[in-house]
Amino acid sequence: MPFLYIANWKMNMHFDQALSFATTHHQELTNLSKNDSTIIICPSYVSLAPLATLFKDSAIAIGGQNCASYESGAYTGEVSAQSLAQMGVAYCIVGHQERRTLFGETPDRITQKCMQLINNHIEPIVCVGTGAATSHEGLPYESVIDQLLPILAFIKDTQLAKIIIAYEPAHAIGSGKPADAQSIEQVLGYIKNQFKTLSFCTPTLLYGGSVNETNSAYLKKINNLDGFLIGNASTNFQTFEKIVS
Ligand code: PGA
């Protein structure tokens, strides 16, 4: 399976910057996304349609950063999963730690979003992680990994066969310091085992939190790791290129 490099541009790239990045580096990005590497770019809502058009029929996939938890209706400011699908969006991040802490997203809301995405053939990238920027040493993982239990219940209910799970501990996001490789490996192993009990669902496991060009090579060696969710470092092409190549 190719290693996934998911660029989460957050709100760091304005519309003109996103377009300029994508047009300037179109060929290089396409060359990078091949054989053993797959690149998924997640720009903000307004840049999704032009980027999906730009990378149509290429090896680059486009992902959303969020979607509505409802199908359609009077939900001012929201964007439906159906609209995302119509724009050519193939993946969508849900339940990012920033959405959970800054916008009050609950596990119920996140599972509703997953349902909307699945109904529209978009693959959810569900973020799970330790919710607070503190050490949880000694505590059982299930008590500190936000989101995992509701998402496991959702998978069981819907009999989903595959899903992407991104483990992102809060202390590592945007801090410049990734979690240590050993703890990432333990958590990924734990998540994988939890999924095994459901047998029919094999999760694709990502790590996110301060992945950059200096730490990506050693982080990549972590057992059970299938890819990275990359924030800051994905907004600079040279840095992103070093991580992927
Ligand atoms: P970061 O963000 O790479 O800037 O730490 C990762 C994320 O929040 O997805």
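Just follow the structure's listing: the first ligand is 1, and inside any ligand the first atom is 1.
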Checklist entry - Going by distance alone, is a donor N or O of one side chain under 3.5 Å from an acceptor N or O of the other, for N31 and Q27? => result yes
Item to check | Passing candidate, side-chain contact (heavy atoms from CB on, under 4.5 Å) with L84, options N66, V79, I62 | outcome: V79
Within the protein, flag every N or O under 3.5 Å from an N or O of ligand 1, and note the pair and distance.
unit_1	atom_1	unit_2	atom_2	d
ligand 1	2 (O)	K10	NZ	3.2
ligand 1	3 (O)	S210	N	3.4
ligand 1	3 (O)	G231	N	2.9
ligand 1	4 (O)	N232	N	2.9
ligand 1	5 (O)	G174	N	2.6
ligand 1	5 (O)	S210	N	2.7
ligand 1	8 (O)	K10	NZ	2.7
ligand 1	8 (O)	H96	NE2	2.7
ligand 1	9 (O)	N8	ND2	3.3
ligand 1	9 (O)	H96	NE2	3.2
ligand 1	9 (O)	E168	OE1	3.3
ligand 1	9 (O)	E168	OE2	2.7

Checklist entry - Distance under 6.0 Å and angle within 45° of the ring axis: does K220 meet both against F228? => result no
Checklist entry - When you look at H25 and F240, which way does the ring pair (Phe, Tyr, Trp, His ring centres under 6.0 Å) test go after all the steps? => result CA-CA 11 Å; H25 302 295; F240 188 59; over 10 Å; no
Checklist entry - Does E105 come within less than 4.0 Å of R100, counting only side-chain N to carboxylate O? => result no
Next on the checklist: With clusters defined by side-chain heavy atoms of hydrophobic residues (ILVMFWY) lying less than 4.5 Å apart, directly or transitively, does I118 cluster with I93?
Outcome noted: no
